[in-house]
Amino acid sequence: MIDDDPSHLKLAHLVLRAAGHRVSNAEAAENALNSIKLAKPELILLDLALPGMDGLRLVRELKANPGTPISPSS
């Protein structure tokens, strides 16, 4: 989960962990980009309005990098 609002991160973290998922949080796209390269998550929940690098730019970066292949959900 990538969001700059700590209350959103906390709520999503609690709900997803209670449902049995492993969860990693980041408050900035730049930090998330490095973590995603290492962890290769199955799902990314992303706030589009982030300070610095916004969510859309992060998605473009992930799609452009062969080390982080992602595909749009249908």
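Not measured: the values here are computed from a predicted model. Just the heavy atoms: all of them, side chains too, but no hydrogens, waters or symmetry mates, feed the values below.
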For Leu45, side-chain contact (heavy atoms from CB on, under 4.5 Å) partners two or more places apart |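 Expected list: Met1, Leu16, Leu43.
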Could you grab the distance from atom OG of Ser35 to atom CD1 of Ile44, nearest 0.5 Å is fine?
->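 One gets 10.5 Å once the value is rounded to the nearest 0.5 Å.
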Transitively linked via ILVMFWY side-chain contacts under 4.5 Å: Val23 with Leu46?
->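 Per the 4.5 Å side-chain linkage, Val23 and Leu46 are not co-clustered.
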Where do [X] and [Y] come nearest, in terms of heavy atoms and distance?
| X | Y | result |
| --- | --- | --- |
| Pro66 | Ala64 | CD-O, 3.4 Å |
| Asp4 | Pro51 | OD2-CD, 3.5 Å |
| Leu58 | Ala32 | CD2-CB, 4.5 Å |

Could you list the donor-acceptor pairs under 3.5 angstrom formed by side chains in residues 6-15, with sequence neighbours left out?
from  : atom 1 : to    : atom 2 : distance (Å)
Ser7  : OG     : Asp5  : OD1    : 2.6
His8  : ND1    : Asp3  : OD2    : 3.2
His13 : ND1    : Asn25 : ND2    : 3.3

Shared-cluster residues of Leu56, by chain and number - hydrophobic side chains joined below 4.5 Å |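 Leu48, which link up through side-chain heavy atoms under 4.5 Å apart, make up the rest of the cluster.
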Could you note down all residue pairs passing salt bridge (charged side-chain N to carboxylate O under 4.0 Å, His left out) where residues 46-60 supplies at least one of them, sequence neighbours left out?
->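 As it turns out, the salt bridge (charged side-chain N to carboxylate O under 4.0 Å, His left out) pairs with a partner in residues 46-60, which skip direct neighbours, are Arg57-Glu61.
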